[in-house]
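Please read the structure below before turning to the comments.
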Amino acid sequence: MTEQTEGQRHEVDGADKSPASVVDLGIYRQSLDPLPVTFHRRELDAILWIYGRMVGEGDWRDYAIDHLKDKAVFSVFKRAGEFPLYRIEKNPKLAAKQGAFSVVATDGRILKRGHDLKQVLKVFDKSLKALD
């Protein structure tokens, strides 16, 4: 049996050659360089709704989004160039244990953690009630 490859003729012996394995290119690329963790559209909508409300109150003025290998972080600032007032984090490794979502203060304290982002974001409702 003969086979032509790139203009050349090669003899192929079916007994000596093992069949080629098919590899999914997406899985192969993820194994080499895993995709970063990101916020889904509904999660980002909930975060931006809170952000818009707090900007309207004059408490927040800037934000940054980081998509890292192990977590996604939405940081909010009073002024650009300072440390973030709060970090809203999504860490999928903690999803089965304590919950993937958390709100972290400037000093590193976890203010609230849970499985449901909207419930975790209610920590900002309490701070508004305390000011009234």
Side-chain angles (χ1 to χ4, degrees):
M1 180 171 156
T2 61
E3 178 179 279
Q4 286 188 336
T5 307
E6 299 175 356
Q8 298 176 349
R9 288 178 67 105
H10 296 284
E11 292 293 322
V12 177
D13 183 4
D16 292 341
K17 299 284 183 176
S18 61
S21 60
V22 178
V23 177
D24 183 0
L25 188 58
I27 294 172
Y28 177 74
R29 286 182 179 162
Q30 281 184 344
S31 68
L32 293 179
D33 188 20
L35 296 174
V37 177
T38 60
F39 290 107
H40 296 278
R41 181 183 175 120
R42 292 183 192 265
E43 296 165 349
L44 202 53
D45 285 345
I47 294 170
L48 288 174
W49 189 85
I50 294 289
Y51 176 78
R53 192 183 76 199
M54 298 300 271
V55 166
E57 295 286 325
D59 295 332
W60 298 350
R61 294 210 174 114
D62 200 7
Y63 72 91
I65 301 175
D66 296 307
H67 296 216
L68 308 171
K69 289 182 182 180
D70 58 341
K71 63 184 173 180
V73 181
F74 186 97
S75 304
V76 294
F77 300 86
K78 179 74 173 175
R79 292 179 193 85
E82 292 184 352
F83 290 107
L85 293 173
Y86 300 101
R87 293 188 326 262
I88 302 164
E89 298 183 355
K90 176 184 178 182
N91 189 341
K93 290 181 182 177
L94 299 176
K97 298 176 184 175
Q98 303 158 342
F101 301 102
S102 61
V103 174
V104 182
T106 303
D107 58 0
R109 287 179 298 129
I110 296 174
L111 303 178
K112 192 158 186 178
R113 175 179 283 158
H115 299 282
D116 183 21
L117 178 61
K118 289 187 179 185
Q119 293 297 320
V120 171
L121 292 176
K122 287 186 178 182
V123 71
F124 297 116
D125 292 342
K126 292 177 184 176
S127 64
L128 289 176
K129 290 177 186 174
L131 296 176
D132 289 342

Tell me every residue that passes side-chain hydrogen bond (donor to acceptor under 3.5 Å, both in side chains) with [X], counting only those two or more places apart in sequence or in another chain.
{"X": "Q119", "result": "none"}
{"X": "R79", "result": "E82"}
{"X": "H115", "result": "none"}

Reported [atom1]-to-[atom2] distance for the pair [X] and [Y], which is rounded to 0.5 angstrom:
{"X": "H40", "Y": "D45", "atom1": "NE2", "atom2": "CG", "result": "12.5 Å"}
{"X": "K112", "Y": "I88", "atom1": "NZ", "atom2": "CD1", "result": "13.0 Å"}
{"X": "I65", "Y": "T38", "atom1": "CD1", "atom2": "OG1", "result": "10.5 Å"}

Can you list every side chain to side chain donor-acceptor pair (under 3.5 Å) pair that touches residues 100-111, not counting sequence neighbours?
D107-R109
Starting from L94, walk the hydrophobic network (Ile, Leu, Val, Met, Phe, Trp, Tyr; side-chain heavy atoms closer than 4.5 Å) and list everyone else you reach, by chain and number.
none
How is the hydrophobic cluster of I110 composed, in terms of its other members, when Ile, Leu, Val, Met, Phe, Trp and Tyr link through side-chain heavy atoms under 4.5 Å apart, directly or indirectly?
V104
Common cluster, [X]/[Y], ILVMFWY with side-chain heavy-atom separation under 4.5 Å:
{"X": "F101", "Y": "V73", "answer": "no"}
{"X": "L68", "Y": "F74", "answer": "no"}
{"X": "V103", "Y": "V37", "answer": "no"}

Report yes if the distance between the aromatic ring centroids of W49 and F124 is under 6.0 Å, otherwise no.
no
Ring centroid separation for Y63 and F77, is it under 6.0 angstrom?
no
Test I47 against L117 for side chain to side chain contact (heavy atoms under 4.5 Å, CB included), laying out the working first.
CA-CA 9 Å; I47 294 170; L117 178 61; 4.0 Å; yes
Atom of R113, atom of V120 and distance for their closest heavy-atom approach
C-CG2, 3.9 Å
Residues pairing under salt bridge (charged side-chain N to carboxylate O under 4.0 Å, His left out) where one sits in residues 83-97, two or more places apart or in two chains, turn out to be E43-K90, K71-E89, R87-E89
Can you confirm whether more than 12 heavy atoms, excluding those of K118, are under 6.0 Å from its NZ atom?
no
Checking F39 now: which residues fulfil ring pair (Phe, Tyr, Trp, His ring centres under 6.0 Å) with it, not counting sequence neighbours?
none
So that I can tick it off, tell me whether D116 and K122 are bridged by a salt bridge, with the cut-off set at under 4.0 angstrom between side-chain N and carboxylate O.
no
Stepwise side chain to side chain contact (heavy atoms under 4.5 Å, CB included) check, L48 with R53:
CA-CA 8 Å; L48 288 174; R53 192 183 76 199; over 6 Å; no
